[in-house]
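Inspection log for the structure reproduced underneath, given as structure tokens.
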Amino acid sequence: PKSPCSIMKSCGGCTALNRPYKKQLAAKQAAMEELFASLCEREGIAVDPIRGMGVTLGDPDKYPAPRGFRHKAATPFAPGKEGAVRCGFFERGTHKIVAVPECPVEAPGARQILNGIAREAERLHIPAYEEDRGIGVLRHAVVRCGYATDDVLLTLVTNVPELRGPDRVVAALRVECPEVTSIVQNVNTRRTN
């Protein structure tokens, strides 16, 4: 069967996306039972059965595996060649960024916003943060998509307290990502990723 994600093997995110949904739920049930085994034994209680998304009664095989359910999407940024700004996910077990054209579990449109931020940062010559050297401006971006509203909050995590020309940055982002309704800056000057 075709993989639901083109980068699943290199991405550090989903590990069970290829498994049938019923098997994903069974693995989660077993993990919770193992985690809470001593508490359950001591208190004489049991872990309730896990119910999958959209599954309240009946057979989980009748329901497709959920997609587009993560309403919070994030990306780190890193410098590329000749001023390029790279974004995506960290490759499993590394800090190497794997480009993510789309993500099947993130809210629809979230990844396009994050990739658009990288394009605009590159166009505006806003350098990505180099974690090894502790220099650069743009560290991360987080998009939160309202599931009950059309609100989209964008948080830019920067290495500096003030962006040069914040009005031009906001104007460019509003054109590139018109669905964003709020933009917030978070400053992190610590030598961490």
Side-chain angles (χ1 to χ4, degrees), residues 3-14 17 66-92 94-193:
S3 173
C5 178
S6 62
I7 63 165
M8 192 173 99
K9 289 188 174 155
S10 58
C11 167
C14 305
L17 206 55
R67 300 288 186 259
F69 59 87
R70 288 192 182 152
H71 291 274
K72 175 186 169 192
T75 192
F77 295 100
K81 294 179 183 175
E82 300 178 18
V85 176
R86 297 180 307 120
C87 72
F89 291 130
F90 287 128
E91 183 176 327
R92 187 170 289 131
T94 75
H95 279 210
K96 177 183 170 193
I97 290 183
V98 175
V100 181
E102 59 184 35
C103 177
V105 297
E106 290 175 341
R111 185 54 41 183
Q112 288 74 24
I113 293 170
L114 295 170
N115 289 334
I117 293 162
R119 284 191 300 276
E120 283 305 305
E122 191 172 309
R123 190 179 71 75
L124 296 171
H125 305 288
I126 299 171
Y129 180 70
E130 294 181 50
E131 69 177 290
D132 292 340
R133 297 174 54 201
I135 62 171
V137 175
L138 193 57
R139 297 176 74 125
H140 289 83
V142 180
V143 171
R144 289 178 173 86
C145 303
Y147 63 90
T149 69
D150 290 333
D151 293 330
V152 177
L153 169 65
L154 166 62
T155 302
L156 297 175
V157 181
T158 64
N159 189 43
V160 296
E162 291 185 29
L163 291 171
R164 283 178 285 158
D167 292 340
R168 88 186 156 101
V169 173
V170 169
L173 291 176
R174 289 179 58 90
V175 169
E176 177 69 29
C177 315
E179 59 276 42
V180 171
T181 55
S182 303
I183 301 174
V184 177
Q185 180 185 10
N186 178 309
V187 179
N188 179 357
T189 58
R190 291 174 290 152
R191 289 293 297 265
T192 66
N193 72 350

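The first residue of the sequence shown is numbered 1, and numbering continues consecutively from there.
Contact annotation: the side chain of Val152 approaches that of Ile113 to within less than 4.5 Å [non-hydrogen atoms, C-beta and beyond]. Within the 4.5 Å cutoff, side-chain heavy atoms of Ile117 are placed close to those of Phe77. For the pair Asn188 and Thr158, the minimum side-chain heavy-atom distance is 4.5 Å or more. At a threshold of 4.5 Å between non-hydrogen side-chain atoms, the residues Val98 and Phe90 do not count as touching. Taking the side chain as every heavy atom from C-beta outward, Val137 and Leu163 approach each other to under 4.5 Å. Within the 4.5 Å cutoff, the side chain of His95 has heavy atoms near those of the Glu131 side chain. At a threshold of 4.5 Å between non-hydrogen side-chain atoms, the residues Leu138 and Leu156 count as touching. With contacts defined as side-chain heavy-atom distances shorter than 4.5 Å, the pair Cys87/Val85 does not qualify.
With values rounded to the nearest 0.5 angstrom, Cys145 atom SG is found 13.5 Å from Arg70 atom CZ. Rounding to the nearest 0.5 Å places SG of Cys103 at 11.0 Å from CG of Asn115. Atom-to-atom distance recorded for Thr189:OG1 and Arg139:CZ is 7.5 Å, nearest 0.5 angstrom. For the atom pair OG1 of Thr155 and NE2 of His140, the computed distance is 12.5 Å after rounding to the nearest 0.5 Å.
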Please determine whether side-chain contact (heavy atoms from CB on, under 4.5 Å) holds for the pair Leu154 and Val142, giving the CA-CA distance in whole Å, both sets of side-chain angles, and the decisive distance to 0.1 Å. CA-CA 6 Å; Leu154 166 62; Val142 180; over 6 Å; no
Please test Val143 against Leu153 for side-chain contact (heavy atoms from CB on, under 4.5 Å), starting from the C-alpha separation and ending with a verdict. CA-CA 6 Å; Val143 171; Leu153 169 65; over 6 Å; no
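Considering all non-hydrogen atoms of both residues, His71 and Tyr147 come closest at CE1-CB, 3.4 Å. The two residues Arg123 and Ala172 come nearest to each other via the heavy atoms NH2-CB, 3.6 Å. Closest non-hydrogen pair, Val187 versus Pro161, comes out as CG2-CA, 3.7 Å. The shortest non-hydrogen separation linking Glu106 to Phe89 is OE2-CZ, 3.5 Å. Of all the heavy atoms in Pro79 and Glu130, the pair that sits closest is CG-CG, 3.2 Å. Across Gly83 and Glu122, no two heavy atoms sit closer than the pair O-CG, 3.6 Å.
Checked by atom type and distance alone, the side chain of Asn159 pairs as donor or acceptor with a backbone atom of Gly136 at under 3.5 Å. No donor-acceptor pair under 3.5 Å is formed between the side chain of Glu120 and the backbone N or O of Val175. Under a 3.5 Å cut-off, the side chain of Thr75 and the backbone N or O of Gly88 do form a donor-acceptor pair.
Judged as a salt bridge (charged side-chain N to carboxylate O under 4.0 Å, His left out), the pairs with a partner in residues 158-185 (not counting sequence neighbours) are, in order, Arg119-Glu176.
Leu173 pairs in a side-chain contact (heavy atoms from CB on, under 4.5 Å) with only one of the listed residues (Val180, Leu124, Ile183), which is Ile183.
Using a 4.0 Å cut-off between charged side-chain N and carboxylate O, Arg111 and Glu102 make no salt bridge. By the 4.0 Å N-to-carboxylate-O rule, Lys96 lies close enough to Glu91 to be salt-bridged with it.
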